[in-house]
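Just the heavy atoms: all of them, side chains too, but no hydrogens, waters or symmetry mates, feed the values below.
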Amino acid sequence: MAPMSLLEAIQARYCSAAILAADQDAAVELPGAEKLVQQAADLPNLVQASVARMRVAVQDDADATLNLGPTDIGVSEALALAASWLPNLQHLVLHGDGGCVAAQEGADDSNPEACASSASAGDRALDLGQPIAPFPRHDALQSLDLSHRPDAIRGWEDVLELGRALPGLKTLNLAGARLRGVLGGTEAPPSAALSNLQTLLLGDAQLQTWAEVQSLDRLPSLSHLRVAGCPVWEAAGADARALTIARLGRLATLNGSAVGEAERKDAELWYVSLVKGSLTVQRLKTLLERLLGVPAAEQQLILQQGAGSEDVTACDARELNVFSIAPGSRMTVNRLDVEAELAARASEALALQASEQRRMDEQESQFQALHDEQRRLLG
């Protein structure tokens, strides 16, 4: 078979009566080929495609901006072609073997990781060479598998850039990726990027610290995670699962196993007892919200030590160890009436404002009296 471009391969497979057999290089005529061609000829309607076993080895037209090596297709280039020619594509898997790009649909919904798994023994790594961001926008794409090229993503900035380009992305496979640092850096939630991401596969990725794992809690829809094989997971041994569950509050499955309510509660209680000194007040509120069902904004935290007590509700950024918590200390959680609390604060603010006004009036009166006395003495 002569080498062809990616677009030519898709057109040959889906817009021709000569359909390539799955396990041989011979073209075969299928019954009803005319109807099949008529249905498939409109590429924008494709929601699944594969060019496996086809020799994709030359560059497409300049409009497609594909930069293909002998057998390799870059991430940005594949997304550019999908955005231009396959706007309804939902699932994309990049293979290094033969420059294969495959899009899959119809995965078992009961297994949220299934649609992202498509490894084969002969897959090779993609050779990107150049920086891959920014990515072409594709609104319909729901799952993307980059597990066959761990170097495809250089860091969390690329992941966020990918999320901004693929707003409908629900499943992302980055197994083996060399991700370092925390998601979003030191900033609060990383904008709207990846807001719909439900499944993230990071098996054997290079996550080194629990801060990196905890930063994944910034993904508002994340419910299925795979991190087995990561250095931080392997180092934690038997405690790794409980540590992950306690840090990520919305997980429904972890490494393919369901996370039940009882397991979550046990993990979070154990975690609080383990790291109570280094927890910030804000982090404690988040855990208490999941454990007690009291929203963090409605919590009043009273630390009781001996005969004394201290309201630490407003000390969100402070770690508990700064309060010199001793054995026998207790933290009481009261539920605030938010409206009453806001009304009370508004009343306090008005009272403070009135007090300040009285003080200023008194100073003005004293100044005026002094000025009058000076004028009297000067005649």
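- Counting heavy atoms from C-beta outward, Trp156 and Val182 have side chains that stay 4.5 Å or more apart.
- Between Val312 and Val281, the closest heavy-atom pair is O-CG1, 3.6 Å.
- Put simply, the side chain of Thr253 does not reach to within 4.5 Å of the side chain of Leu225, judged on heavy atoms.
- The shortest non-hydrogen separation linking His138 to Pro167 is O-CD, 3.9 Å.
- Considering only heavy atoms from C-beta on, Gln300 stays 4.5 Å or farther from Arg335 through its side chain.
- Counting heavy atoms from C-beta on, the side chains of Leu172 and Val159 come closer than 4.5 Å.
- Electrostatic pairing of Asp139 and Arg137 counts as a salt bridge here, judged by a charged N lying under 4.0 Å from a carboxylate O.
- For Asp266, there are no salt bridge (Lys or Arg N to Asp or Glu O under 4.0 Å) partners at least two apart in sequence or on another chain.
- Cluster membership for Leu292 and Leu336, using ILVMFWY side-chain heavy atoms within less than 4.5 angstrom, is not shared.
- Checked for salt-bridge contact, Lys285 and Asp316 meet the test: a charged N lies under 4.0 Å from a carboxylate O.
- Under the 3.5 Å distance criterion, the side-chain polar atoms of Glu289 are left unmatched by any main-chain donor or acceptor of Gln299.
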Show the numbers, then the answer: is there a salt bridge (charged side-chain N to carboxylate O under 4.0 Å, His left out) between Arg359 and Glu362? CA-CA 5 Å; Arg359 186 183 66 80; Glu362 290 174 1; over 6 Å; no
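- A salt bridge is absent between Glu261 and Lys265; no separation between the charged side-chain nitrogens and carboxylate oxygens falls under 4.0 Å.
- The two residues Leu284 and Met331 have their closest heavy-atom pair at CD2-CE, 4.0 Å.
- Inter-residue side-chain proximity for Leu179 and Leu207 is flagged as met; some heavy-atom pair is nearer than 4.5 Å.
- A continuous path of Ile, Leu, Val, Met, Phe, Trp and Tyr side chains, each step under 4.5 Å between heavy atoms, connects Val272 with Trp210, placing both in one hydrophobic cluster.
- Here the closest non-hydrogen pair linking Arg241 and Val259 is NH2-CG2, 3.8 Å.
- Contact annotation: the side chain of Ser223 never approaches that of Arg250 to less than 4.5 Å [non-hydrogen atoms, C-beta and beyond].
- Residues Phe323 and Cys315 meet the side-chain proximity criterion, which asks for heavy atoms closer than 4.5 Å.
- Here the shortest heavy-atom pairing between Gly229 and Glu234 reads N-OE2, 3.1 Å.
- Look at Arg376 and Glu373 and you find a salt bridge, because one of the NZ, NE, NH1 or NH2 atoms lies within 4.0 Å of a carboxylate O, short of that distance.
- Shown here for Pro220 and Ser195, the closest heavy-atom pair between the two residues is CG-O, 3.7 Å.
- For Arg283 and Glu319, the salt-bridge test fails: no basic side-chain N is under 4.0 Å from an acidic carboxylate O.
- Two residues are said to be in side-chain contact when any heavy atoms from C-beta on lie closer than 4.5 Å; Leu169 and Asn196 fail this criterion.
- Follow the hydrophobic side-chain contacts under 4.5 Å out from Ile302 and you never reach Leu320; the two are in separate clusters.
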